[in-house]
Structures are given as C-alpha cells and as structure tokens.
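Proteins get letters first, then strands, A, B, ... in listed order; numbering begins at 1 in each.
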Amino acid sequence: MSIKSETTDGTKERPLNFIEQKIEADIASGKHGGRVHTRFPPEPNGHLHIGHAKAICVSFGLAHKYGGVTNLRFDDTNPEKESTEYVDAIRRDVSWLGFTWEGGEFYTSDYFDQLYGFACQLIQSGKAYVDDQSSEEMAAQKGAPGRPGKNSPHRSRSPEENLELFKKMKAGEFQEGTRVLRAKIDMAHDNMLMRDPLIYRIKYASHHRTGDDWVIYPMYDFAHGQSDSIEKITHSLCSLEFENHRPLYDWFIEALNIYPTEQTEFARLNLSYTLMSKRKLLKLVEEGVVDGWDDPRMPTISGLRRRGYTPQSIRTFADRIGVAKRNNEIDVSLLEWALRDDLNRIAPRVMGVLNPIKLVVLNYPEGQKEQLVTQNNPEDPSAGSRELPFGRELWMEADDFKVDVNKKWFRLAPGRVVRLKSAYIVEYVNHIEDDSGKVTEVHVNYVKNSKSGQDVSGIKAKGTLHWVSCADAVDAEVRLYDRLFSESAPEAKGDFMDCLNPGSLEIKTGCKLEPSLSAAKIGTVYQFTRLGYFTVDPKYSEPSGLVFNRAVTLKDGWKG
RNA sequence: UCCCCGAUGGUGUAAUGGUAACACACCGGUUUUUGGUGCCGUUAUUCCAGGUUCGAGUCCUGGUCGGGGAACCA
C-alpha cells in the first residue's frame with residue numbers, strides 16, 4: 001500500500017485506539033497466526049461519502065499498519081438495488097483516497113454457490129427450516145422486545161422435507177414471497193435478531209453479476225459473516241448498528257464450523273451540518289437540490305474531490321477524529337482544518353479578484369508595463385517563482401477599500417498606504433463613486449523605490465493587497481460554497497429538506513484572475529492569495545470559460 | 001416493558017488502580033510583503049449516588065441520560 005497515513009506531525013506517536021489494542025493483543029497471543037486481514041464491504045447501491053471514508057481509512061489503515069492486507073468486497077445480495085455503475089464509482093473513490101485492495105476484489109455473489117451449500121448444511125443438521133407463512137404472519141409471531149415470540153407451525157419439518165422445499169425454492173417452483181428459509185434458533189431470545197431470522201428469500205430479479213442464475217438470494221446476515229470467513233478475514237470491522245448482529249454472526253460461524261472471523265464495531269462518523277444517509281443524499285440528487293452525487297456541496301467522496309479536497313486531507317481528518325464506540329458529532333470545521341493543513345503546504349499561490357473594482361496608479365506611465373517576480377509558495381521554496389505583469393490599471397477587491405475606517409483597518413482608505421503584493425507600495429489619492437455611492441474606482445500613486453524585494457523607501461505599509469493587471473486579466477466564473485444545511489443536525493428534527501441553506505451556492509461572474517491561470521489544470525488546487533483555496537470545476541469549466549470552485553476559505557483573523 | 005452499547009473541557013480522542021493529557025475550536029500575544037502560515041500563552045473536563053481501596057475517570061452496586069435493537073434492506 002503506497003499511502004502515507006501520517007499527518008502533518010506524522011512523527012508524533014498517537015495513543016492506540018481500542019481496535020489497535022485488540023489487534024496487538026491478538027498478534028501477541030498468536031491468534032490467526034499473527035495475521036491481520038481486513039475488508040471493506042460496501043453495498044453497491046449508492047455513492048461513498050465521508051462517513052465511508054472514515055471506515056475505509058480504519059480498515060485499510062489498520063491492515064497497513066500491522067503488515068496485513070485488505071479486501072474490497074461488494075456486498076451484493078439484493079439485486080433490486082445494486083448496479084455496476086455504483087461498483088465502478090466505489091472502486092474509483094477508494095483508490096482516489098489512496099488505498100489499494102491487495103487482498104483482492106470480491107463480490108458476495110462470488111459465494112452464492114457456497115452460501116447455498118451452507119444453507120443445505122444447516123438444514124441437514126436441523127438448524128434451518130423452510131417457512132411458508134406470509135411476512136405478516138411471521139411478524140406477528142415474532143413477539144416484541146420483552147415479550148417472547150411463538151414458534152412457526154413449520155418449524156418442526158424434517159431435514160429431508162426442508163431440503164426438498166429449499167431445492168424447489170432454488171429451482172423457481174414457488175412464487176416470490178411464498179416461502180423463505182429461516183435459521184432455527186430461539187423464538188424467545190432477548191435479541192430479536194435471534195428469533196429464527198430469515199436467511200434466504202425468493203426474488204425474481206436480475207443480478208448485476210449473476211444475471212438470472214438465481215431466484216433465491218441470501219440475506220445480509222447469512223452472507224456477510226460467511227463471506228468474511230471464506231476470505232479468512234481476521235478482523236471484521238463495522239459500525240455500531242451491527243452490534244446486535246454479532247451473536248448471529250457468531251452463531252452461523254459455529255453452526256457451520258467455518259473460519260472464526262471476529263467482528264468489532266466502532267462508531268460511525270457524524271458531521272455537523274451534514275447528512276450521512278445514502279437514501280437522503282439520493283433524494284437531494286433526485287430532487288435537483290444539488291447537481292449530482294458529485295456536487296461540491298455533497299459530503300460524497302466525489303463531491304469532496306470536485307470541491308477541491310485532497311486525499312491526504314481526508315486521511316488526516318480520519319486520523320484526527322479517532323476511533324471509539326461513543327456516538328459523536330464532529331464539527332465540520334475539523335474537516336476544513338485538515339484541508340487547509342494540507343493545502344497550505346502544497347497549493348501554488350496565485351492572485352485573483354472576486355469583486356473587482358478599478359485601481360488606477362496615476363503616476364505610473366500610461367502604456368508602461370513590467371514583469372514582476374513572485375514566489376509560488378512561501379511555505380515551499382522548491383515550488384519556485386513566476387512572473388506577474390504590472391501596469392497602470394489594476395483590478396482590486398472591492399472589500400479592500402472603505403471610506404470610513406477605524407484604526408484597525410489595514411487596507412486602503414483615504415489617507416492610507418498599502419503594499420500591493422509582490423509589487424509596490426501605493427498611496428491613496430482619490431476615488432470615484434457612482435450615483436448610489438458605490439465606489440467604482442480608486443486612484444493611487446505608487447512609491448517608485450518600494451519595489452518588492454528592492455524596497456528602500458523606508459515606508460511601512462500595514463496592509464498587503466492582492467491585485468490583477470487589467471490588461472492581462474483572465475475572466476472567470478467562481479463558485480462559492482457554504483454548508484448545505486442551516487441546522488447543525490439536519491436529520492434531528494423534522495424534514496431535512498426544510499433546513500436547506502438557501503445561500504449554499506453563490507456564483508460570481510466577471511472575476512479577474514492573473515494570466516497564469518489560463519493554464520490551470522483540473523486537479524490542482526490553488527490558493528488565491530488572501531481568499532482561500534480554489535480549483536477548476538471539471539464539469540463546467542472550459543478553456544473559453546473558466547469555472548473555479550472554492551474548496552475552503554482561508555481562516556479569517558480579521559475582527560473588524 | 002426486555003436486550004445490547006455508551007457517558008472525560010465547546011467538539012473529538014487518551015490516560016488500562018497512582019500528577020486527568022493531546023488535537024481542533026475559542027481568546028490573547030508575537031512573527032509576517034497573505035488579517036493566511038509559524039511560534040508562545042490563557043480559559044475549560046471525569047453523568048449522579050453509594051461501595052471496595054492507602055489511592056477510583058478506571059473496579060463493584062444502583063440510578064440517570066443518550067444511541068441501537070422487530071424489514072423477504074444492508
């Protein structure tokens with residue numbers, strides 16, 4: 001595995017989480033011959049999101065840490081919901097995150113024959129039976145928490161009869177919904193899942209891989225643990241919601257006498273202002289609230305990628321949130337922090353003006369132009385430098401000029417002096433307002449001997465502004481994103497559709513970027529000096545009409 | 001009503017019977033040609049009640065609160 005799981009301070013030791021402690025104890029005791037083999041088992045019925053990213057980092061990361069490998073297994077036991085489109089997307093997302101499944105790529109459907117055999121084995125040992133009742137009848141017999149259920153009238157069929165019926169189920173001799181195979185456990189068990197759970201059902205549906213070969217399909221509980229066992233997974237890691245399934249998982253392993261994989265559960269990720277349910281995310285897509293699974297506001301891996309998130313930032317995030325059994329709600333600002341932490345080190349700095357107004361340097365000769373040199377990344381000298389054209393007419397940020405200001409204002413204002421980044425110090429002369437009082441143009445004089453790197457003017461400018469030369473500027477559209485929901489926990493109260501943030505997307509046109517950005521590449525994330533991190537939108541951007549997405553702002557320490 | 005899991009600063013995560021720590025956030029200072037970054041510092045934590053112990057966040061008992069648990073879903 002060629003990923004770096006270290007964080008910025010990668011050399012620091014992090015205390016072991018409870019799963020690592022367990023793995024180390026297992027290795028020490030020689031369990032599984034000291035092997036560590038994990039798996040990531042998504043159902044290909046939707047796109048992966050940041051919650052899955054945590055699970056991926058845990059399962060792949062742990063195997064990697066302990067010298068083991070990981071399998072990617074598509075859990076495809078419900079043909080009605082699954083498709084190869086999702087398989088491809090999941091594969092792409094996992095590898096984009098930086099992980100390779102050198103344990104192999106598998107499908108639960110690979111094991112349909114074996115699973116069928118397991119079912120027959122259970123029947124023969126009297127541990128499973130065919131039930132002819134309707135789902136309503138079975139539900140009524142199930143009892144309730146605290147109240148035992150009743151045995152099915154078909155519970156005592158002989159193994160021979162059960163086997164015969166099960167074979168007929170497989171042969172397509174029964175209608176969908178008329179018969180199921182159930183494990184024979186205990187209808188009075190405290191754990192509802194142990195009350196003779198369904199393990200096979202009839203479904204006349206085409207499967208994305210096995211086509212019409214099968215008309216019976218195993219249930220999750222009868223497929224998942226056995227698949228782990230078949231692959232000799234040592235540590236089967238999953239989320240807390242499956243804790244109640246573990247006794248059943250173990251029951252099947254024991255009843256079938258197969259490889260003893262052990263399941264360990266940990267808390268899934270919850271992120272503030274974010275939805276983590278595939279079903280609800282799908283609704284956002286279907287209702288056109290967003291422009292697809294990869295909308296930059298979506299918490300999907302593809303959305304984060306399009307937004308400008310880096311694989312490293314997501315891995316760092318996963319590392320920082322830790323692994324435990326406690327329910328949590330992580331503040332999205334930690335995810336943003338992880339992105340800034342990565343991008344600050346690697347993002348090329350460029351200049352772009354989002355809300356341009358004219359800045360005219362009165363004492364700079366008309367028609368004159370010069371190339372200034374500026375660093376690509378002050379955090380990384382090896383990133384080199386580039387040239388920046390400067391002239392008499394520039395674009396500046398509207399927010400960087402204000403008429404009435406107080407002492408804390410560092411930017412341009414009447415009577416003030418500022419430095420233009422990598423260029424000259426300029427002094428306010430006057431400004432022009434339109435009829436509504438909006439400032440449309442600011443006029444300054446530049447200080448000739450204050451050129452960046454050769455400044456002998458002795459003038460100290462408190463503020464530094466970004467700017468772009470009018471004659472050389474590249475026009476672009478820039479999309480600013482904010483959280484999709486205005487509620488910290490959109491799923492908590494009422495309908496999540498009612499707390500959509502109407503300002504989650506702001507489209508700015510007529511933005512002015514420095515000329516080097518006309519060659520901006522998809523996949524590179526740039527820091528627009530003083531503004532934030534931006535990347536080319538792969539869906540809407542064209543050579544003739546650049547479109548940038550803002551991944552995240554810079555931290556704003558100004559408390560004006 | 002029954003079963004399972006959990007509870008440590010604002011948010012997460014450690015401390016495995018022996019000084020409650022780390023990160024993020026916040027606040028303040030400092031550096032800075034990005035009000036970014038870096039550096040320094042401040043504030044703030046063991047759900048409750050009993051018990052065991054020289055000593056309890058940790059062990060025991062009881063409670064409270066939160067999450068999960070009935071699908072021909074995974």
Heavy atoms only, 4.0 Å cut-off, all strands: where does [X] land among base, sugar-phosphate and nothing?
X	result
A/Gly557	sugar-phosphate
A/Asp221	nothing
A/Leu334	sugar-phosphate
A/Glu336	nothing
A/Asn244	base
A/Gln527	base
A/Lys462	nothing
A/Gly143	base
A/Pro378	base
A/Arg246	nothing
A/Gly149	nothing
A/Asn344	base
A/His224	nothing

**Message:** Other residues, nucleotides and ligands only: do more than 12 of their heavy atoms fall within 6.0 Å of NZ on A/Lys448?
**Reply:** no
**Item:** Distance under 6.0 Å and angle within 45° of ring axis: A/Lys170 vs A/Trp214
**Value:** yes
Between [N] and [X], is there an OP1 or OP2 to side-chain N/O distance shorter than 4.0 Å?
X	N	answer
A/Lys142	B/rA71	yes
A/Lys203	B/rC73	yes
A/Thr77	B/rA74	yes
A/Arg201	B/rC73	yes
A/Arg530	B/rG35	yes
A/Ser135	B/rC72	yes
A/Arg349	B/rU34	no

Identify which nucleotide among [options] has an atom closest to any side-chain atom of [X], counting heavy atoms from C-beta outward.
X	options	result
A/Ala324	B/rA14, B/rA74, B/rG36	B/rA14
A/Asn78	B/rC73, B/rG36, B/rC2	B/rC73
A/Arg320	B/rC3, B/rG35, B/rA23	B/rA23
A/Glu379	B/rG6, B/rA70, B/rU37	B/rU37

**Item:** Complement of B/rU13, any strand, by Watson-Crick or G-U distances under 3.5 angstrom
**Value:** B/rA21
**Prompt:** Which base sits across from B/rG6 as a Watson-Crick or G-U pair, both distances under 3.5 Å?
**Reply:** B/rC65
**Request:** Could you tell me whether A/Arg73 and A/Asp228 make a salt bridge, using a distance below 4.0 angstrom between a side-chain N and a carboxylate O?
**Result:** yes
**Message:** Between the side chains of A/Glu241 and A/Arg268, is the shortest nitrogen-to-carboxylate-oxygen separation below 4.0 Å, so that they form an ion pair?
**Reply:** yes
To the nearest Å, give me how far apart [atom1] ([X]) and [atom2] ([N]) are.
X	N	atom1	atom2	result
A/Asp190	B/rC2	CG	P	10 Å
A/His207	B/rA74	NE2	P	10 Å
A/Asn328	B/rG67	CG	C1'	11 Å
A/Leu339	B/rC24	CG	C1'	15 Å
A/Arg279	B/rA71	CZ	P	18 Å
A/Leu16	B/rC22	CG	P	18 Å
A/Phe317	B/rA23	CZ	C1'	13 Å
A/Glu241	B/rC4	CD	C1'	14 Å

**Item:** Whether A/Phe534 and A/Phe528 hold their rings parallel, tilted or perpendicular, with breakpoints at 30° and 60°
**Value:** parallel
**Asked** Parallel, tilted or perpendicular: which fits the ring planes of A/Tyr107 and A/His208, with parallel below 30° and perpendicular above 60°?
**Response** tilted
**Asked** Toward the 5' end of RNA chain B, which comes first, A/Gln133 or A/Lys555, by nearest nucleotide?
**Response** A/Lys555
**Asked** When the nearest nucleotide of RNA chain B is assigned to A/Ser333 and to A/Ser452 on a heavy-atom basis, which residue is associated with the more 5' position?
**Response** A/Ser333
**Asked** Considering only heavy atoms from C-beta outward, does the side chain of A/Met194 approach that of A/Asp186 to under 4.5 Å?
**Response** no
**Prompt:** Any chance the rings of A/Phe390 and A/Trp467 have centres within less than 6.0 Å?
**Reply:** yes
